[in-house]
> 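Below you'll find the structure I mean.
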Amino acid sequence: MDNLYRAYLGRASGPKKLDFLDNVSEFRKKVYLQLCRIPRGKVTTYGAIAKKLGSKKQSRAVGTAVATNPISLIIPCHRVLPSTLRVGNYGMPGKDPTEGGPIKHALLKREGVKFIEEKVAKECVWSPN
DNA sequence: TCGGTGTTTCGGA
DNA sequence: TCCGAAACACCGA
């Protein structure tokens, strides 16, 4: 999905810098890269991303990075959930993160993600490689 | 400098 | 099954 980035930035052959991420750290850039690689109809967990970037201890930092992503329009932040496979939280402008849970649920469902008793079916979980 | 996050994992009750 | 603790990186007061 790096193509997506380059296309969106309109500099396929220019410097590899990501304008939107100039102000953020490398750590967060990696998080956003992973998010863009999530296939449609699939989801992943904060822990999986954290482990991919280094240590699972960073899982919380991943959550923060996702929550404050500067390009939510092209980053599918709703495809990230806790390792419990429950819907988790979803920050919405003006509303509590817990209010966004049901919204995430609906969003994922619309993309074809299977739900079993408020939990995502294990076969719909995707892990970065 | 401190406190709080869209989390995770472990130990106890 | 549920609650409380600590650990990461980062932002705002």
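Numbered from 1 within each chain, the chains take letters A, B, ... in sequence-line order. Remember, predicted model here, so these are calculated numbers, not experimental data.
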> Transitively linked via ILVMFWY side-chain contacts under 4.5 Å: A:Val80 with A:Ile74?
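Same cluster.
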
> Do you know the tightest heavy-atom contact between A:Val24 and A:Arg28?
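Heavy-atom minimum between the residues: CG1-CZ, 4.1 Å.
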
> Contacts to DNA chain B from residues 81-91 of chain A, heavy-atom cutoff under 4.0 Å, which residues?
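Within residues 81-91 of chain A, the residues near DNA chain B are A:Leu81, A:Pro82, A:Ser83, A:Asn89, A:Gly91.
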
> Of the options B:dT8, C:dC8, B:dT5, whose atoms approach the side-chain atoms of A:Ser59 most closely?
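Selected nucleotide: B:dT8.
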
> Look at the side-chain heavy atoms of Ile, Leu, Val, Met, Phe, Trp and Tyr, link any pair under 4.5 Å apart, and say whether A:Val31 and A:Tyr46 land in one connected group.
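In one cluster with A:Val31: A:Tyr46, yes.
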
> Could you list by number each residue of residues 110-127 of chain A showing a heavy-atom separation from DNA chain B of less than 4.0 Å, or answer none if no residue does?
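Residues of residues 110-127 of chain A under 4.0 Å from DNA chain B: none.
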
> Please find the pair of heavy atoms, one from A:His105 and one from A:Val87, that lie closest to each other, and give the distance.
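So the minimum-distance heavy-atom pair works out to N-CG2, 3.6 Å.
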
> Measure the distance from CG on A:Asn69 to C1' on B:dT5 and round it to the nearest whole Å.
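To the nearest whole Å, that distance equals 14 Å.
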
> Could you tell me how far apart A:His78 (NE2) and B:dG6 (P) are, to the nearest whole angstrom?
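The distance from NE2 of A:His78 to P of B:dG6 comes to 18 Å, rounded to the nearest Å.
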
> Under a 3.5 Å limit for both distances, which nucleotide forms a Watson-Crick or G-U wobble pair with B:dG12, could you say?
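The base-pairing partner of B:dG12, which may sit in any strand shown, is C:dC2.
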
> Which pair of non-hydrogen atoms, one from A:Ala65 and one from A:Tyr32, has the smallest distance, and what is that distance?
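Reported closest heavy-atom pair: O-OH, 2.9 Å.
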
> Given atom CZ of A:Phe27 and atom P of C:dC11, what is their separation to the nearest angstrom?
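Taking CZ of A:Phe27 and P of C:dC11, I get 12 Å after rounding.
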
> Verify the distance criterion only: is there a donor paired with an acceptor across the side chains of A:Asn129 and A:Arg37 at less than 3.5 Å?
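There is such a pair (donor and acceptor under 3.5 Å, judged by atom type) between the side chains of A:Asn129 and A:Arg37.
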
> Round to the nearest Å and state the distance from A:Ile49 atom CD1 to B:dT8 atom P.
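For the pair A:Ile49 CD1 and B:dT8 P, the rounded distance is 10 Å.
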
> OH of A:Tyr46 versus P of B:dT9: gap in Å, rounded?
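Taking OH of A:Tyr46 and P of B:dT9, I get 14 Å after rounding.
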
> Whole angstroms only, please: what is the NZ-P distance between A:Lys29 and C:dC10?
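One finds 12 Å between P of C:dC10 and NZ of A:Lys29, rounded.
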
> What pair of heavy atoms forms the shortest contact from A:Pro76 to A:Leu35, and how long is it?
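Reported closest heavy-atom pair: CG-O, 3.3 Å.
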
> So do the side chains of A:Phe27 and A:Gln58 get within less than 4.5 Å of each other, counting heavy atoms only?
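The answer is yes; the side chains approach within 4.5 Å.
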
> In terms of the nearest nucleotide of DNA chain C, which residue is placed more toward the 5' end: A:Thr68 or A:Arg60?
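It is A:Arg60 whose nearest nucleotide is closer to the 5' end.
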
> Nearest whole angstrom, please: distance from the C1' of B:dT7 to the NZ of A:Lys57.
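Going from NZ in A:Lys57 over to C1' in B:dT7 covers 15 Å.
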
> Whole Å only: how far is the OH atom of A:Tyr32 from the P atom of C:dC10?
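So the two atoms are 10 Å apart, to the nearest Å.
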
> At what distance, to the nearest 0.5 angstrom, does CD of A:Gln34 lie from CG of A:Leu53?
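It comes to 6.0 Å.
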
> Side chain of A:Thr64 only, please: which of B:dT5, C:dC10, C:dC8 is the nearest?
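Of the options given, the side chain of A:Thr64 lies nearest B:dT5.
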
